[in-house]
Every structure is written in C-alpha cells, then in structure tokens.
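Below is one structure; the comments refer to it alone.
The analysis underlying the following values was restricted to heavy atoms, covering all of them including side chains, and did not include hydrogens, waters or symmetry mates.
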Amino acid sequence: MSEQTPASQLWQVPDGDLAAIVMAREEKLRTAYAEMLAAVGEAEQRGLGKSLGFKDTSAFLTDALRIFRREARQRIDHAAAMMPSSSLTGVPQHPPLAATGGALTAGDINTEHVQAITAIFQACPAGIPAEQREEDEQILVDLARQAGPEAVRKACRRLHAIWDQDTAPPEDKDREQANPSRRLNITHRRDGSIRFNGELDPETAETLDGLLGPLAKPHKNPDTGEHDSRTAAERNGDALAEIIAIAARCDELATQGGERAVMIVSVTLAELEDRARHAFLDVPGVSNVDGLRRLACEAKVVPAIFGNKAAPLYVGDASRFATPAQRRYLAVRDAGCAFPGCARGPKWTTPHHVVAWSVDKRSDVDNLVLLCARHHRMVHHTSWEVRMNGHLPEFIPPPWIDRERKPMRNLAHAPPPRHQQAA
C-alpha cells in the first residue's frame, strides 16, 4: 500500500502504513496551500478581481471559491507576506518572509503556523533591522516544524515583548523594569467573598498563564464519565483557588516538589528465596508492565520484604527518584518538558529514566529527562524514543513521522535571542 491507496482500500492498510499515509496527505495539503498563495499573490498584483468585474481580489475569491471574506483576506495577506517583492495594495513594505514560505512549500508547516508568523511580523516595529527580522523568523519557523500553532503563538508573544523592549526609549525601559505595571483592585462583600480586577506585566502574566493552563482544563467526572459542565470562567476560578491554596502551604512545596508518591513493591521471603520472577501487584489504573514502568518513573521505590505472617523483615531506602538538587539542575537544563515542541514548564514535569532504572540502577542527571504527563505516556507507550547525546536529551520520531528518524531537540523553551540595538 502507498499514499496513492484509494479510500475504499484504506481498511486493508496496516497501522504504521496508515499513519504514513495521513502524514503524506497532510504534507500535500500544505504544499497545495503554498501553490494557492502563489496564484493569489499573482492575482492581487494584476488586479484580477477588478478586471473580471469584482470590487477587488478579495471579492473575487469570496465569490469564486465560495469561502468567507475573512478567509479570502487571510490568503491575500499570507501571499503578500511571502512574495519576493511586495507591491500588493495596502500591504506594508516589509521584507518577504522567505523562511516561512519555504517551509510551507516543503510541507513542513501548516496554515495556522503561517497565520501566527505573518500576524506577528505585520506588527513588527519599523526599528527592527532586516537581519534581526530574518533571524527571528527562522527561530519561529524552526519551532513550527516541531510544535503546534499555540506554541508558536506563545513564542510570538515573547518575541513581540522583546521587540517592544528593544525599540523603547532607554528611559521607558528603565522605568518599566523598575516599576512593572501590576494592579489588583479588591472589593470585599458582606458574606466574606471578594470581587477583583486588575492587570499584570507581561512576565507575570506569562507565569500566571502557565499555572492556570493545566489546572483549568476541562475534565470528565471520574464516577459518571460526564463531561465538565463548568464554564471557562468557572474553571479559571477553580484553578486560581487551587493556586492560592498551594501558595498558602508554601512550606510544603519543597517536599512536594522533591518527592512524589511512594510505590512499595512487596514480596514474601518465600518468593524471594525461590527467586520468583513475578510479584502480585495491585496498582489502580495499571494493567501491564509498560504502565507500571511509567508509574514507577513518578514514584519513589522502596523495597520491602515480609515474612509469612506479614512481619517486616527488611525495608530498604529509596534510591530511584531524582534528588531536589537534580531536579533543580534538570529544570535549568531542560527548561521544562524536553519533548520536541512542548512548552510545559518544569513544575508540570516528571524526571524520566532514559535507560530504565531496573537495567543499570542509574539516577544521575545524564540518565534523566523532564517530561510532562502527556509526553511521558508517549515515550512509554508509542514508537517515540529518547536518548542522551552527551549531556542533552534528544528524541527520535517514529518512522511514519520521519522515515530517516532524525533526532530532534525541543526548541519551544528557547526565547528568541535578545538583540542589542546599535547605539
């Protein structure tokens, strides 16, 4: 079977081949969009819409392609941003986004990536040099090749803040750094509740977004399976209450951050002496060895030996889990989840053993990598692989993503380099 397999025969395709077909057809969609933008750009330069009796190119596309006007306008904007010489009406004369256009033509990024990148460069201050624009664009394109549009938008917001800082007058920079704009207005009610509003500086706002994101996600009721009925505002309110509760017991944070759940694997003396190759485990939610291994990455393992009447004969020391000092090192090295494209910070990650602890009993930092819960599962349960290259982790994608399986590193945590304006 190949990517030319007709729809009527897809049911015969093995899982790995079907995944490759999906990836290949997505690539075709992306390259087709690049070809569409080339045609749209030429139509706009010619004034094709008016020559055919329409008000403009946007009106022509809306009517001829039966698409929304905003979609037509977006295609024109995308075409204008990537054309070698932009003479399109109403478009600022910025240098073309050559890296973005090349990545789209190659099928490496999608329409949402293009929208995020073109939107940020439409707002690029005039004082940013062309060389810096090209470097910043390349950083965003490299990120888009391994991350979703939301991660690219987040990087765009960071980039915009850097641009504002680079182009602000020196006195404004000093004033903002010394006195960041933060304000909280609180109204106390008679029943003890409060109502509040305010504003935060960009750095603090980014931190708050990182805290709210995981905690405010909708979730199913574990008992009934019903979907979360809370509104977005209610979920944010519950998340904020949880953040406040964590802050209120901050003395516990060092313990919570340095030690997760304790997993105790028990074996009787008879089983131990018989060198039994299995033990009876009763771990909720774990149905196979792979699941147990993933859970063990997040737990402290304490060996315990009991006599036939449950008398404790030996309880060993925990030696598997990363120490607080190792966690701090990993937080600096990996800056959060190390999986390509993931923007989760260190607070939401777990140290994962690259070579299973059961194999060589190594818990040194060169055998540990930070992973969020989602990507921890992926490494344990899919064809993604992680390995260390020197002191840094790198990830090898499944063959249906990359036939050559070229190693990847996460670019989502690296902010665009700070450029110094020429005096």
Test item: P393 and R333 side chains (from C-beta on) under 4.5 Å apart, heavy atoms: yes

Between H391 and D366, a side-chain donor and acceptor under 3.5 Å: yes

Residues R145 and D142 bridged, charged N to O under 4.0 Å: yes

Look at the side chain of Q146 and the backbone N and O of L411, then say whether any donor-acceptor pair between them is shorter than 3.5 Å. yes

Should the ring pair W357 and H353 be called parallel, tilted or perpendicular, given that the plane angle runs from 0 to 90° and is split at 30 and 60? perpendicular

Could you check whether any side-chain heavy atom of V152 comes within less than 4.5 Å of a side-chain heavy atom of P149, counting everything from C-beta outward? no

With side-chain contact (heavy atoms from CB on, under 4.5 Å) as the test, would you mind laying out the steps for T349 and H376 before giving the verdict? CA-CA 9 Å; T349 60; H376 200 180; over 6 Å; no

Residues E137 and R133 bridged, charged N to O under 4.0 Å: no

When rounded to the nearest 0.5 Å, the distance separating SG of C372 from NZ of K347 is 15.0 Å

Any heavy-atom pair between the side chains of D364 and L368 that's under 4.5 Å? no

Is it the case that more than 12 heavy atoms not belonging to R46 sit under 6.0 Å from its CZ atom? no

Test item: L61 and V40 side chains (from C-beta on) under 4.5 Å apart, heavy atoms: yes

Can you tell me how far CG of L240 sits from CG of L211, rounded to the nearest 0.5 angstrom? 10.0 Å

Would a distance-only check, ignoring hydrogens and angles, find a side-chain to backbone donor-acceptor pair under 3.5 Å from D334 to A338? no

Pair D56, S58: side-chain N/O donor-acceptor within cut-off below 3.5 Å: no

I'd like to check L330 versus P351 (side-chain heavy atoms, cut-off strictly below 4.5 Å). Are they in contact? yes

So if I apply the side chain to side chain contact (heavy atoms under 4.5 Å, CB included) rule between F196 and each of N185, L184, T187, which one comes out positive? L184

Side chains of W384 and P398 in contact at under 4.5 Å (non-hydrogen atoms): yes

Could you tell me how the ring of H375 sits relative to the ring of F339: parallel (under 30°), tilted (30 to 60°) or perpendicular (over 60°)? parallel

In the structure I gave you, are the side-chain heavy atoms of T118 and D77 within less than 4.5 Å of one another anywhere? no

Apply ring-ring contact (aromatic ring centres under 6.0 Å, His included) to residues H380 and H352 and explain how you reach the verdict. CA-CA 10 Å; H380 275 279; H352 165 77; 4.9 Å; yes

Got a donor-acceptor contact below 3.5 angstrom from the N367 side chain to the V355 backbone? yes

More than 12 heavy atoms of other groups within 6.0 Å of Y329 OH: yes

With sequence neighbours excluded, tell me which residues meet salt bridge (Lys or Arg N to Asp or Glu O under 4.0 Å) with R344. none

More than 12 heavy atoms of other groups within 6.0 Å of R189 CZ: yes

Judged by modelled atom types alone, do D136 and W163 share a side-chain donor-acceptor pair under 3.5 Å? yes

Return the minimal non-hydrogen interatomic distance between A155 and L140, and the atom names on each side. CB-CD2, 3.8 Å

Show the nearest heavy-atom pair for residues C337 and H413, with the distance to one decimal. O-NE2, 2.8 Å

Do the side chains of D228 and R230 get close enough for a salt bridge, i.e. N-O under 4.0 angstrom? yes

If I take atom CD1 from residue I243 and atom CG from residue D238, how far apart are they, to the nearest 0.5 angstrom? 11.0 Å

Determine, for E394 against R387, whether the closest basic-nitrogen to carboxylate-oxygen distance falls under 4.0 angstrom. yes

Between atom OG1 of T100 and atom CZ of F121, what is the distance when rounded to the nearest 0.5 Å? 7.0 Å

Could you tell me whether the side chain of L104 reaches within less than 4.5 Å of the side chain of D108, counting heavy atoms only? no

Under a 4.0 Å N-O cut-off, is there an ion pair linking R30 with E27? no

Considering only NZ, NE, NH1 and NH2 on the basic side and carboxylate oxygens on the acidic side, decide whether E71 and R75 come within less than 4.0 Å. yes

Within a 6.0 Å radius of atom CZ on R70, are there more than 12 heavy atoms belonging to other residues, nucleotides or ligands? no

